[in-house]
Student: 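Below is one structure. I have some questions about it.
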Amino acid sequence: MKEVLIIGGGVVGLACGLALREAGRPVRVLEAGTVGCGSSHGNCGTITPSHALPLAAPGTVGRALRWMATPDAPLYVNPKFDPALWSWLLRFAGCCNRRDWLRAGAAKAALLQASRQALPEWVARYRLECEFQPGGTDHVFRSEQALAGVQAERRALAELGIASELIDGPRYQREEPALLDGVVGAVRFQGDASLRPDRYVAGLARALREAGGEIVEGCEVTGLREDADGPCLRTKRGDIRGAAVLVATGAWSPRLAAALSPGLGPLRRAMQPGKGYSITYARPTPAPRRPLVLHERSVCVTTWEDGYRLGSTMEFSGFDDTLNRRRLAALERGAREYLRQPLGPARREQWFGWRPMTYDDLPIIGAVPGTRSLWLATGHGMLGVSMSVATAQLVADLMTGRAPHVDPAPYRLERF
């Protein structure tokens, strides 16, 4: 049996490979760089059904416009001349209404909750030593106004089956000694979890190889042709023929699309890279007991056995490859407002990566119309790790003809 060729060795591509191997399909993953070298590497590792409500929300456009003059704002749109970006932003603005917000939220919740439910079993079955912790995440507030402002979102999430608990400030300060005084309250999402993303990706790669899958690093794909014998990928290491091709290249998918198929034209219009940042340190003392979101500053804090990470922010500036130290400094400044030891004793890494953002903030999963053997698993935005298991299982369902465990309709490319 010919192999399924998976382009992209990040968290989604590797998880899809593992699910396809489990379903009995031969798999070869082709990665232009090294396994997990993209946004799978430097994210905060939270597993968050609590993030089901999309970025394309009522009021987002107004905030983005106000923040355009603030380069270190949590959401920043670079006001440079970029027709593709501004076209995407117009489509994004069209989704920033309550009807589309709730519709997309329900579709995101389906994948997020399915992933969260299945992840512990994956961790155990494949012996993924990734510091998986099921204890939830806490959103921390220092402003009564900000805390009151999220109650509508809590109600919307509750309608999607995503529960939360409101904890008053004094009680929360007693529970979490890592915080400075001044917390007015916290919202705990008990169904969230966390893991160490680099170890999760490394574990997926090991498990895939042990299951008989092949991973080829340093193998950049440059084109695709289809003939009577099936698809053949052109790569910088020669032609590779397979039974089907799955594109799981995250933010790079639009750049690759033109070389693969005219049927991927909608993908190029639907996605933009959303630049995120993180800083990793040695673990401080005291360190937070759970992953935190420092709400007013939109900073995520995660702690591992021997590491500590500040991350988040969203910057739309195309494929700008500069490490913006002003945005890194905003992470540290935000942490100083909340935490007794905001920074670790030693800085290990400063990082940025591009998230694959669709304008409706839903991933793209399924067959490419007008092709015989081309599939997509991309566009997961900030939630590739969170959605990885359910995406993999859905891809395996669709490619093997099984009844899908999640309704695939909301994620099809045809919606664009």
Side-chain angles (χ1 to χ4, degrees), residues 11 36-48 50-51 72-74 128-142 172-183 186 188-189 192-203 275-315 322-355 382 384-386:
V11 66
C37 64
S39 58
S40 298
H41 173 75
N43 67 83
C44 284
T46 50
I47 311 299
T48 48
S50 62
H51 284 42
D72 59 357
L128 304 177
E129 296 179 0
C130 59
E131 300 186 37
F132 175 71
Q133 295 292 333
T137 63
D138 293 345
H139 292 229
V140 183
F141 296 79
R142 294 180 65 85
Y172 192 75
Q173 295 260 197
R174 290 193 297 272
E175 290 184 9
E176 184 48 88
L179 286 165
L180 293 168
D181 293 341
V183 171
R188 175 167 297 159
F189 291 94
D192 287 358
S194 64
L195 49 74
R196 186 155 183 162
D198 55 340
R199 295 184 181 176
Y200 178 54
V201 171
K275 195 175 182 183
Y277 292 83
S278 72
I279 312 174
T280 306
Y281 311 82
R283 180 179 173 130
T285 302
R289 297 175 179 181
R290 284 185 179 83
L292 305 180
V293 175
L294 311 180
H295 182 84
E296 290 88 346
R297 295 295 174 252
S298 297
V299 174
C300 182
V301 182
T302 47
T303 304
W304 301 301
E305 291 175 2
D306 66 346
Y308 171 80
R309 182 167 288 168
L310 304 177
S312 196
T313 81
M314 179 67 73
E315 175 186 337
T322 57
L323 188 68
N324 188 328
R325 299 193 181 280
R326 185 170 182 175
R327 296 187 71 76
L328 292 169
L331 295 175
E332 295 186 334
R333 187 168 60 251
R336 288 189 179 98
E337 294 181 21
Y338 291 78
L339 296 166
R340 296 187 185 280
Q341 292 294 334
L343 314 182
R347 183 186 293 155
R348 293 177 175 170
E349 182 180 28
Q350 295 178 315
W351 176 91
F352 76 87
W354 292 297
R355 307 171 179 119
M382 297 177 283
V385 172
S386 290

Student: Decide side chain to side chain contact (heavy atoms under 4.5 Å, CB included) for Y200 and L128; before the verdict, give the C-alpha distance in whole Å, the side-chain angles of both, and the deciding distance to 0.1 Å.
Tutor: CA-CA 6 Å; Y200 178 54; L128 304 177; 3.8 Å; yes
Student: Could you please spell out the steps behind the side chain to side chain contact (heavy atoms under 4.5 Å, CB included) verdict for S50 and T137?
Tutor: CA-CA 9 Å; S50 62; T137 63; 4.2 Å; yes
Student: So which pairs with a foot in residues 299-314 pass salt bridge (charged side-chain N to carboxylate O under 4.0 Å, His left out), sequence neighbours left out?
Tutor: R196-D306, R199-D306
Student: Report yes if the side chains of R283 and T303 come closer than 4.5 Å at any heavy-atom pair, otherwise no.
Tutor: yes
Student: For S312 and S298, indicate whether the former's side chain and the latter's backbone hold a donor-acceptor pair under 3.5 Å.
Tutor: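 Indeed, once roles are kept as given, a pair shorter than 3.5 Å links the two residues.
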Student: Distance alone, cut at 3.5 Å: any donor-acceptor contact between the side chains of D192 and T48?
Tutor: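 No, T48 and D192 have no side-chain donor paired with an acceptor closer than 3.5 Å.
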Student: Does the side chain to side chain contact (heavy atoms under 4.5 Å, CB included) test come out yes or no for H139 and R188, once each step is laid out?
Tutor: CA-CA 6 Å; H139 292 229; R188 175 167 297 159; over 6 Å; no
Student: Look at R327 together with D72 and state whether they make a salt bridge at an N to O cut-off of under 4.0 Å.
Tutor: no
Student: Checking side-chain polar atoms at under 3.5 Å, does Y277 have a donor or acceptor matched by the opposite partner on Q350?
Tutor: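 No pair is found: no donor N or O on one side chain lies under 3.5 Å from an acceptor on the other.
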Student: Are any non-hydrogen side-chain atoms of L310 and T280 less than 4.5 angstrom apart?
Tutor: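 No; the side chains remain at least 4.5 Å from each other.
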Student: So which heavy atom on P291 is nearest to which on G136, and how close?
Tutor: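 Here P291 and G136 meet closest at CD-O, 3.5 Å.
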Student: Hey, does the side chain of D138 reach the backbone of V140 with a donor-acceptor pair shorter than 3.5 angstrom?
Tutor: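 Pair absent, no side-chain N/O of D138 close to backbone of V140.
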Student: For the residue pair P197 and S40, what are the closest heavy atoms and their distance?
Tutor: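 In this case the closest contact between P197 and S40 is CB-O, 3.6 Å.
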Student: Is there a side-chain contact between L179 and Y172 in this structure, where contact means two heavy atoms from C-beta onward sitting under 4.5 Å apart?
Tutor: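 Result yes, sub-4.5 Å side-chain heavy-atom pair found.
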Student: Tell me the closest heavy-atom pair linking R326 and N324, and the distance in Å.
Tutor: N-OD1, 3.0 Å
Student: Okay, side chain of W304, backbone of L195: is any donor-acceptor separation there less than 3.5 Å?
Tutor: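 Flag set: sc W304 to bb L195 pair under 3.5 Å.
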Student: What residues, two or more places apart in sequence or in another chain, satisfy side chain to side chain contact (heavy atoms under 4.5 Å, CB included) together with A193?
Tutor: I47, R116, F132
Student: Please name the pair of heavy atoms, one in G36 and one in H41, separated by the smallest distance, quoted to 0.1 Å.
Tutor: O-CB, 3.2 Å
Student: If we only count heavy atoms from C-beta on, is the E176 to R289 side-chain gap below 4.5 Å?
Tutor: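 SC-SC contact between E176 and R289 confirmed.
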Student: Mind checking the SG-CE spacing from C300 to M382? Nearest 0.5 Å is all I need.
Tutor: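 Result: 11.0 Å between the selected atoms.
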Student: What distance do D198 atom CG and E349 atom CD have between them, rounded to the nearest 0.5 Å?
Tutor: 8.5 Å
Student: Minimum heavy-atom separation for V11 and V385, please, with both atom names.
Tutor: CG1-N, 4.1 Å
Student: Tell me whether K275 contacts the main-chain N or O of T322 through its side chain, where contact means a donor paired with an acceptor under 3.5 Å.
Tutor: yes
Student: Hey, does V301 have a side-chain heavy atom less than 4.5 Å from the side chain of R290?
Tutor: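 No; the side chains remain at least 4.5 Å from each other.
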Student: Does the side chain of L294 reach to within under 4.5 Å of the side chain of L292, using non-hydrogen atoms?
Tutor: yes
Student: Taking the side chain as every heavy atom from C-beta outward, state whether R297 and R333 have any atom pair closer than 4.5 Å.
Tutor: no
Student: Give the ring-plane orientation class for Y308 versus Y281, where under 30° counts as parallel, over 60° as perpendicular and anything between as tilted.
Tutor: tilted
Student: Can you see which heavy atom on P284 is nearest to which on G344, and at what distance?
Tutor: CB-CA, 4.0 Å
Student: Could you walk me through whether Y338 and E296 pass side-chain hydrogen bond (donor to acceptor under 3.5 Å, both in side chains), step by step?
Tutor: CA-CA 10 Å; Y338 291 78; E296 290 88 346; 2.4 Å; yes
Student: If we only count heavy atoms from C-beta on, is the Q341 to P286 side-chain gap below 4.5 Å?
Tutor: yes
Student: So, applying side-chain contact (heavy atoms from CB on, under 4.5 Å) with L180, which one of R142, Q173, E337 is it?
Tutor: R142
Student: Show your working on side chain to side chain contact (heavy atoms under 4.5 Å, CB included) between V299 and V293 and close with a plain yes or no.
Tutor: CA-CA 6 Å; V299 174; V293 175; over 6 Å; no
Student: Can any side-chain N or O of S39 pair as donor or acceptor with the backbone N or O of R355 at less than 3.5 Å?
Tutor: no
Student: Would you mind checking if R325 and E332 are paired as a salt bridge, meaning a charged N to carboxylate O distance below 4.0 Å?
Tutor: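 Not counted as a salt bridge, because no side-chain N and carboxylate O are separated by less than 4.0 Å.
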